Amino acid sequence: MATVTGGRKSTSEKSKTISEEKVKATVPSKEKAASTTTRSGGAGARQSNKSKTDRSSGGPSAKGTTLVIVESPTKARTISSILGPKFIVMASKGHVADLPEKGLGYDEGTFEPVYEVPSRKAKDLAALKEAARRADRVIIATDPDREGEAIGWHVARLLSAVNPERLEFHEITPRAIREALANPRRIDDGLVNAQEARRVLDRMVGYKASPALWRTVRRGLSAGRVQSVAMAIIADREREITAFDIREYWSIHLTFEREDRVQFAADLRLLDGTDLRIGDDAPPALRDEEAARQALEHALGRRWHIEKVERTQSRRRPQPPFITSTLQQAAGTNLGFSPKRAMAAAQSLYERGLITYMRTDSVAISADAVTAARAVIEKVWGKSHVPSEPRHYTNKAGAQGAHECIRPTDPALEAVGADLDEDARRLYRLIRNRLLACQAADAVYDRRSADINAEGCGCIARAHSSRVVFPGWLDVAGVHDDDDDGEGGQELPDLRTGEEVHAADGKTEQHETKPPARYTEASLVKALEERGVGRPSTYAPTIDVIVERGYAVKEGRALKATPLALTVTDWARERIPDLVDPAFTARVEGDLDLIADRQQDSKAMLKRFADSFLPAVAGPSTQAGSAWRGRLPSPRVRNARTVAAIWSSGQGSSARSSHAAITLNASTSRQRFSRKYRRVPRRQAARTAVDRWLCDRHSEDAGKATCSGDVLTTHHVEELSAPTGPSRKRPRLSPSCLPLPRPRRARTAERL
């Protein structure tokens, strides 16, 4: 038994020896670099006689040095500058071994993954092996998460490293690295098993469910363990929007005046005992302009007095520091970053030692960081902005809590250097402001409200105001609070109970009930996190896949479900309900956590999943497949007078959306079309025209050319397919416009 430091449990080394049982690879020769899938010994298992004789010759390190292996070259440079010349820091540049790019990638009987070394990694792996051969000590310092643990496990076995040490640090600073060097641990087999189980699960779902989709809906579609749930969430929201009943309603705003001619505004809440506020189930009391006008006249003709006055002072606490999901949400809301863009900027900041590790679900802050943040707040904003006691935040239920929150490594550093891009600089400011704000004093508000009653009827108006008395953390974060009425708002005067006021004026305002908003990338991340689906590190690639596959398109920041997403969601709910069930996917994430903590066997968990999942994706009948395929327009070219084109009802540019035939329906235009392409085969001419139409229609400056309904007339074809530029060559196509299905026979344009 070996004791694992760094907060990990004791673990047996039985299942994770230094052998290379799971990694199948050979070192490519200088003449030929190629990967292999054999199950015999790996690349680092043997050394040639030539390698042994070269041990004393020059190389990447000298005797007595230590080899430290990380993933990123940038991270390697940062750590090398900290450790000094006795340490050689090299980068694996990501995974050195992985499941094959094509194929299932695991044994269906034992669920054992089959790894291979890609040929493109041969040179990097050879350099690592040579450095490990010369070094006296090998340290694995990959990222402190499951994927980083798996990368380190592969590296150690491919290098045949004897007793490799594992360093775990959450910020690239001299102090953190010194502490990690003083407390090395062994590679955690629980984390490696959890990562392997996740990869096998994803392969099982993707490679088994996707063919079922091809057989029943359409070829080229894909399904995923997290992807399908996210797609279903977007599709369900689109159905809610479609089914929403928009209702008109009116509100009444009154202006009251005191005897000293001081005026204030109030909203009419009750009219003859009827609540005017719109509810989800109750119909609106004021449905049209005439009813609103009569209500206003009724209110203005009454005598009013102050029935109740309330004045309170409330406090608002700052938000916790960032975790991965909240960072993605805030970057989307405040900076307009997609999750992928936010994580790329955070990665660059982490690798340069400017922030702590960016993949975390913990809001814990180290004591040193708290002390430094409070010192910065006192220096910049004064002692009044520092609370009497440091703030501590509690993790949500289910959080792994293995890491610290996302924060600057040095809270006193106000801005990063010019060597970083603008995205990284903006994100750093956001992260720093959030950390400082979470340790600042509460914001204090003065809130006033008054109920004004009309004599002789059940009419009540309500006036309110809110004003920031002490900004506290709002100043530190540099934000304006929506709860504050601001300069344009009102501050209620000191009203007295029983005081008479006069309704001097009023106005009516028209409203419409609004359907729920479509998800943005930020709000979708929040929805996935609340449902326990996936992990924050997977959200960015998941959203990218949904858009790339044509299940959703972006309209501004909103994600709009396509007809394809609605059809696939219905298919999954009928055939494989668990595939789009957030609760089921959340339970799978819980099982992976148990595997990481060594409380559950990974192979047993995979077998249970396969026993329930695989029968549901068994091959359906042809009749069932035809029924589902009939829900989408056919992509075929039906005759010589039609041109196949991608159609998505204005819902995006993805060629994987539903298809329709676009008809050429004017003989005179056909003649002009044929003259333009008299030497061009019909297939090329048609595809050029449609590609141009799609590129123009879905570009950012859309509006230059549109298509009415589902029919692209020859006028559009002729206009949009005209060659551009002096060379009159075919224009370069947009990456989003994929090749169209070819007709069965090639005919010239002249024969149209």
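All values derive from a computational prediction rather than experimental measurement.
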Legend entry - Pro113 side chain reached by Leu99 side chain, heavy atoms, under 4.5 Å: yes
Inset, instruction - Using a 4.5 Å cut-off on heavy atoms from C-beta on, say whether the side chain of Leu614 contacts that of Met204. - result: yes
Inset, instruction - Quick one: pull up CD in Gln329 and OH in Tyr539 and give me the separation to the nearest 0.5 Å. - result: 9.0 Å
Legend entry - Between CD1 on residue Ile576 and NZ on residue Lys208, distance to nearest 0.5 Å: 12.0 Å
Inset, instruction - Grab the two heavy atoms, one from Ala572 and one from Leu579, that are nearest each other, plus how far apart they are. - result: CB-CD2, 4.4 Å
Legend entry - Spacing of CG belonging to Asp202 relative to OG1 belonging to Thr538, to within rounding of 0.5 Å: 8.5 Å
Legend entry - Note, Phe613 side chain near Val205 side chain (heavy atom, < 4.5 Å): yes
Legend entry - Lys93 and Pro73, any side-chain heavy atoms less than 4.5 Å apart: yes
Inset, instruction - For the pair Ser210 (side chain) and Ala223 (backbone), establish whether a donor and an acceptor sit closer than 3.5 Å, ignoring hydrogens and angles. - result: yes
Legend entry - Ionic contact status for Arg535 with Asp361, cut-off 4.0 Å: no
Legend entry - Nearest heavy-atom neighbours spanning Asp107 and Thr110: OD1-N, 2.9 Å
Inset, instruction - Starting at CG of Leu592, measure out to CE of Met605 and round the result to the nearest 0.5 Å. - result: 4.5 Å
Legend entry - Salt-bridge contact Glu149-Arg185 (side-chain N to carboxylate O under 4.0 Å): yes
Inset, instruction - Before accepting this row, confirm whether a basic side-chain N of the pair Arg341/Glu521 lies closer than 4.0 Å to the acidic partner's carboxylate O. - result: no
Legend entry - Glu71 side chain to Asp143 backbone, donor-acceptor under 3.5 Å: yes
Legend entry - Distance, nearest 0.5 Å, that separates CZ of Arg573 from OG of Ser228: 11.0 Å
Inset, instruction - Start with the C-alpha distance between Tyr115 and Glu196, add both sets of side-chain angles, then the distance that settles side-chain hydrogen bond (donor to acceptor under 3.5 Å, both in side chains), and finish with yes or no. - result: CA-CA 10 Å; Tyr115 296 107; Glu196 284 187 344; 2.9 Å; yes
Inset, instruction - Find out whether Leu559 and Arg237 are in side-chain contact, i.e. whether some heavy atom of one side chain is under 4.5 Å from a heavy atom of the other. - result: no
Inset, instruction - Please work out which of the three classes, parallel, tilted or perpendicular, describes the rings of Phe111 and Tyr106, given edges at 30° and 60°. - result: parallel
Inset, instruction - Starting from the C-alpha separation in whole Å, work towards a yes-or-no answer on side-chain contact (heavy atoms from CB on, under 4.5 Å) for Met358 and Leu427. - result: CA-CA 12 Å; Met358 66 285 170; Leu427 190 69; over 6 Å; no
Legend entry - Flag, side chain of Thr242 to backbone of Glu238, donor-acceptor distance under 3.5 Å: yes
Legend entry - Side chains of Gln227 and Tyr551 in contact at under 4.5 Å (non-hydrogen atoms): yes
Inset, instruction - Test salt bridge (charged side-chain N to carboxylate O under 4.0 Å, His left out) on Arg598 and Asp188 and set out the steps. - result: CA-CA 10 Å; Arg598 306 179 193 87; Asp188 192 328; 2.3 Å; yes
Legend entry - Note: Arg587-Asp591 ion pair, threshold 4.0 Å (strictly below): no
Inset, instruction - Any chance you could measure Leu524, atom CG, to Ile234, atom CD1, to the nearest 0.5 Å? - result: 5.0 Å
Inset, instruction - State, with a plain yes or no, whether a side-chain heavy atom of Thr216 is found less than 4.5 Å away from one of Arg575. - result: yes
Legend entry - Charged N-O contact under 4.0 Å between Glu147 and Arg199: no
Legend entry - Pairing of Arg608 and Asp601 as salt bridge, 4.0 angstrom limit: no
Legend entry - Test: Glu548 and Lys340 ion pair at under 4.0 Å: no
Legend entry - Stepwise side-chain contact (heavy atoms from CB on, under 4.5 Å) test for Leu128 and Ser92: CA-CA 8 Å; Leu128 290 174; Ser92 68; 4.2 Å; yes
Legend entry - Residue from Ile233, Val229, Thr542 passing side-chain contact (heavy atoms from CB on, under 4.5 Å) with Val533: Val229
Legend entry - Lys75 vs Tyr350 side-chain heavy atoms within contact, under 4.5 Å: yes
Legend entry - Stepwise salt bridge (charged side-chain N to carboxylate O under 4.0 Å, His left out) check, Asp570 with Arg239: CA-CA 12 Å; Asp570 290 340; Arg239 286 195 171 97; 2.7 Å; yes
Inset, instruction - Determine the minimum heavy-atom distance between Ala197 and Ile595, stating which atoms define it. - result: CB-CD1, 4.0 Å
